[in-house]
Visitor: 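Take this structure, written in structure tokens, and hold onto it; I'll ask about it next.
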Protein chains: 2
Amino acid sequence: MVTIYDIAAKANVSAMTVSRVINNTGKISDRTRAKVKRVMEEMNYVPNQTARSLVLQQTKLLFLLITDIMNPFYTTLARGAEDAAKKHGYRLLFGNSDENLEKEADYVTTILTTRVDGVLLAPAGDPSLPHLESLQRHNVPFVLLDREVPGIQCDIVLGDSKEGARQLVDHLAAAGHRRIAIVNGSSSISSARLRLQGYKEGMKLNELTYSDDYMYETSFGSLNDLSDMDRWLERLDPMPTAILSGNNVLAVEVMRLLKQRNMRVPEDISIVCFDDLGPHTEVEPFLTVAAQQAYQFGYMGMEMLIERIGHRNEKRPWKKIVLPAELLVRRSVRPLN
Amino acid sequence: MVTIYDIAAKANVSAMTVSRVINNTGKISDRTRAKVKRVMEEMNYVPNQTARSLVLQQTKLLFLLITDIMNPFYTTLARGAEDAAKKHGYRLLFGNSDENLEKEADYVTTILTTRVDGVLLAPAGDPSLPHLESLQRHNVPFVLLDREVPGIQCDIVLGDSKEGARQLVDHLAAAGHRRIAIVNGSSSISSARLRLQGYKEGMKLNELTYSDDYMYETSFGSLNDLSDMDRWLERLDPMPTAILSGNNVLAVEVMRLLKQRNMRVPEDISIVCFDDLGPHTEVEPFLTVAAQQAYQFGYMGMEMLIERIGHRNEKRPWKKIVLPAELLVRRSVRPLN
DNA sequence: TTGTACGCGTTATCAT
DNA sequence: ATGATAACGCGTACAA
């Protein structure tokens with residue numbers, strides 16, 4: 001490997017001079033600088049970031065941990081995070097926990113041993129607490145995305161889940177729906193809890209009755225097996241006229257199930273959900289959704305993180321950004337009145 | 001930061017002994033090992049991968065560079081790559097070139113300075129040549145994905161683009177279509193060239209006439225502006241009855257355009273394309289496609305890469321994997337006979 | 001303006 | 001079974 005010493009020898013200067021040329025620090029005569037640069041070119045020199053990291057005690061590496069790389073919400077978010085990181089000269093390591101605590105634990109180990117400068121992460125849920133405490137213990141700055149974790153104080157970017165869910169219920173109620181069921185992610189996830197809460201409040205405000213039977217809790221990720229949800233739906237009597245889904249992936253699973261049961265959307269049942277389904281829809285977007293600003297989650301979260309890293313010694317107050325969801329009315333709701 | 005010296009001091013052993021415990025190398029008495037382990041626990045010791053990388057001359061980092069993080073083909077591929085990397089104890093750095101040569105160049109710089117152990121990449125196109133030569137010059141093992149680059153010998157995973165395109169034409173021809181147009185990615189991309197070639201051969205085999213007017217070349221990424229493609233379509237006389245799209249994203253763009261023109265698919269015009277649209281489709285998959293094994297691209301490519309890294313000194317012959325595309329017949333083609 | 005000595009945290013080599 | 005020393009490639013502090 002070509003090192004600064006090889007350059008130094010060939011250019012008849014010291015390694016220090018080469019270092020200064022590379023980093024544009026200190027005073028260097030134009031002649032020396034030109035000579036060193038020429039030799040670097042000739043020898044195809046590339047600085048060794050590993051050595052640099054060791055001495056500088058910073059890697060210029062950031063880590064983004066998401067929970068579902070197949071979900072367009074997270075890929076769009078990743079795009080925002082990547083753009084912001086790049087803008088500030090950081091590189092981005094990348095992981096996908098699959099809503100799985102053990103995979104998340106593995107990634108935390110990687111994060112720690114890699115000595116990344118900071119972490120942007122969507123935690124798997126409340127049980128992620130020890131993972132986050134571990135990051136804190138090791139002084140790794142992090143910003144949470146989309147989900148709060150009780151017991152952790154930190155910078156965070158959230159969507160307005162409660163308000164968004166209420167809007168979805170309002171929309172359904174305005175269309176004349178009275179029996180509205182909800183399919184939601186795990187109650188160990190703060191955003192799922194808030195969506196449920198917003199749903200309940202929306203029901204109450206619209207003077208609709210809520211029953212626990214009308215709630216089905218599962219995972220936010222893709223489902224391998226729809227039979228359990230099928231049994232839930234089977235038992236409902238009377239059938240709901242509409243279903244609110246806690247996120248986009250679940251909405252698709254619900255539609256898959258309805259299809260199996262030969263029920264049409266929205267003729268037989270209406271559907272709304274949180275999060276949009278990404279730009280690459282085969283046909284005109286169909287689902288009525290509370291769309292979140294996925295790109296902004298990543299972009300703003302990353303800016304917060306880098307800001308925090310820049311002032312890691314000061315104890316600035318934690319920042320919390322709450323992004324509103326936008327109701328996009330499309331064709332998955334049937335007017336009943 | 002807690003180092004092996006801190007552990008060593010507290011455990012009354014040398015740093016070397018601590019290192020041996022960590023890496024399970026050499027002979028250590030059970031008593032010493034237990035003591036060292038206990039101290040490591042107490043002090044929350046985490047090995048410093050940076051220092052390790054410097055001395056071992058390997059980072060255990062791999063890099064995946066794709067061209068469109070919003071495209072489900074690539075996210076699925078990424079998932080495969082990640083799974084394979086993890087299985088072998090590697091971590092994965094991640095970049096998104098956006099089909100853009102300059103972004104690609106930036107990432108090559110990152111790759112070089114980071115001293116990753118290997119790279120898995122979908123090149124932006126033939127002009128990526130100098131970037132790949134740069135990797136070769138610096139002895140960075142890499143595996144190409146989806147696209148060949150003339151002038152570069154290396155391991156590679158390809159889809160059978162020619163055969164896939166021919167199948168799509170066959171399917172259209174069998175449905176009675178005679179005027180088939182093609183919307184394709186840049187001809188500087190090998191897979192786009194092969195798809196065009198497969199299309200032409202398919203036309204010939206089915207005794208259909210091909211005219212250059214019926215070919216529209218653009219970028220494989222999302223289009224900001226459909227007006228140019230609109231003018232192309234406008235000029236066609238007679239109108240094609242079907243369009244073959246070079247990939248999934250372009251197919252969606254074509255459908256967006258047709259929608260603007262109030263043309264229905266497949267009633268007014270039929271559409272087929274390369275690549276599927278991912279698992280999260282709002283409604284039942286609609287497009288008839290030549291589906292590629294996206295996950296396998298990533299998984300097998302990663303295994304090849306790691307295999308290559310393990311034998312980087314030997315000069316084994318380059319491997320080339322060609323994955324077949326599978327025709328999935330759905331509802332975007334109207335039978336004309 | 002340029003150079004010397006040292007340290008970042010770890011592992012390999014050689015010694016005991 | 002354990003330890004001392006050097007080395008990985010670079011940047012900081014200080015000296016010249």
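In what follows, chains are A, B, ... by sequence order, proteins preceding strands, each numbered from 1. Keep in mind that what you see is a predicted model, and the values were worked out from it rather than measured.
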Visitor: Which of residues 33-55 of chain A have a heavy atom under 4.0 Å from DNA chain C?
Guide: A/Leu54, A/Val55

Visitor: Rounded to whole angstroms, how far apart are CG on B/Asn23 and P on C/dT13?
Guide: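 Distance, rounded to whole Å: 14 Å.
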
Visitor: Ion pair present between A/Glu42 and A/Arg38, side-chain N to carboxylate O less than 4.0 angstrom?
Guide: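 Counted as a salt bridge, because a side-chain N and a carboxylate O are separated by less than 4.0 Å.
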
Visitor: For the pair B/Glu41 and B/Lys10, find out whether any cationic side-chain nitrogen is under 4.0 Å from an anionic carboxylate oxygen.
Guide: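 Between B/Lys10 and B/Glu41 there is no salt bridge, as every charged N stays at least 4.0 Å from the carboxylate O atoms.
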
Visitor: Which pairs with one or both residues in residues 62-91 of chain A pass ring-ring contact (aromatic ring centres under 6.0 Å, His included), sequence neighbours excluded?
Guide: A/Phe63-A/Tyr107, A/Phe73-A/Phe297

Visitor: Are any of the side-chain nitrogens in A/Asp30 or A/Lys35 under 4.0 Å away from the carboxylate oxygens of its partner?
Guide: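 No, no charged N to carboxylate O under 4.0 Å.
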
Visitor: What integer distance in Å separates B/Gln58:CD from D/dC8:C1'?
Guide: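 Distance, rounded to whole Å: 13 Å.
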
Visitor: How many whole angstroms separate atom CZ of A/Arg115 from atom P of C/dC8?
Guide: 14 Å

Visitor: Could you check whether A/Asp83 pairs with A/Arg79 (Lys NZ or Arg NE/NH1/NH2 to Asp/Glu carboxylate O, under 4.0 Å)?
Guide: yes

Visitor: Please list, by residue number, the residues of residues 3-21 of chain A whose heavy atoms come closer than 4.0 Å to an atom of DNA chain C; answer none if no residue qualifies.
Guide: A/Val13, A/Ser14, A/Met16, A/Thr17, A/Arg20

Visitor: As a test of reading the structure: which of C/dT11, C/dT2, C/dG9 is closest to the side chain of A/Ile28, going by heavy atoms?
Guide: C/dT2

Visitor: Rounded to the nearest Å, what distance is computed from the CG atom of residue B/Leu56 to the C1' atom of nucleotide C/dT13?
Guide: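 Atom CG in B/Leu56 sits about 14 Å away from atom C1' in C/dT13.
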
Visitor: To the nearest Å, give me how far apart CE (A/Met1) and C1' (D/dC10) are.
Guide: 12 Å

Visitor: Knowing that exactly one of B/Leu121, B/Ile156, B/Leu120 qualifies, which makes a side chain to side chain contact (heavy atoms under 4.5 Å, CB included) with B/Leu145?
Guide: B/Leu120

Visitor: For a side chain to side chain contact (heavy atoms under 4.5 Å, CB included) with B/Val21, tell me which candidate from B/Thr32, B/Ile28, B/Val39 qualifies.
Guide: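 Among B/Thr32, B/Ile28, B/Val39, the one that satisfies the side chain to side chain contact (heavy atoms under 4.5 Å, CB included) with B/Val21 is B/Ile28.
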
Visitor: Given the rule in the salt bridge (Lys or Arg N to Asp or Glu O under 4.0 Å) test, do B/Arg308 and B/Asp155 qualify, once you have shown the distances and angles that lead to the verdict?
Guide: CA-CA 9 Å; B/Arg308 177 65 64 183; B/Asp155 294 321; 2.7 Å; yes

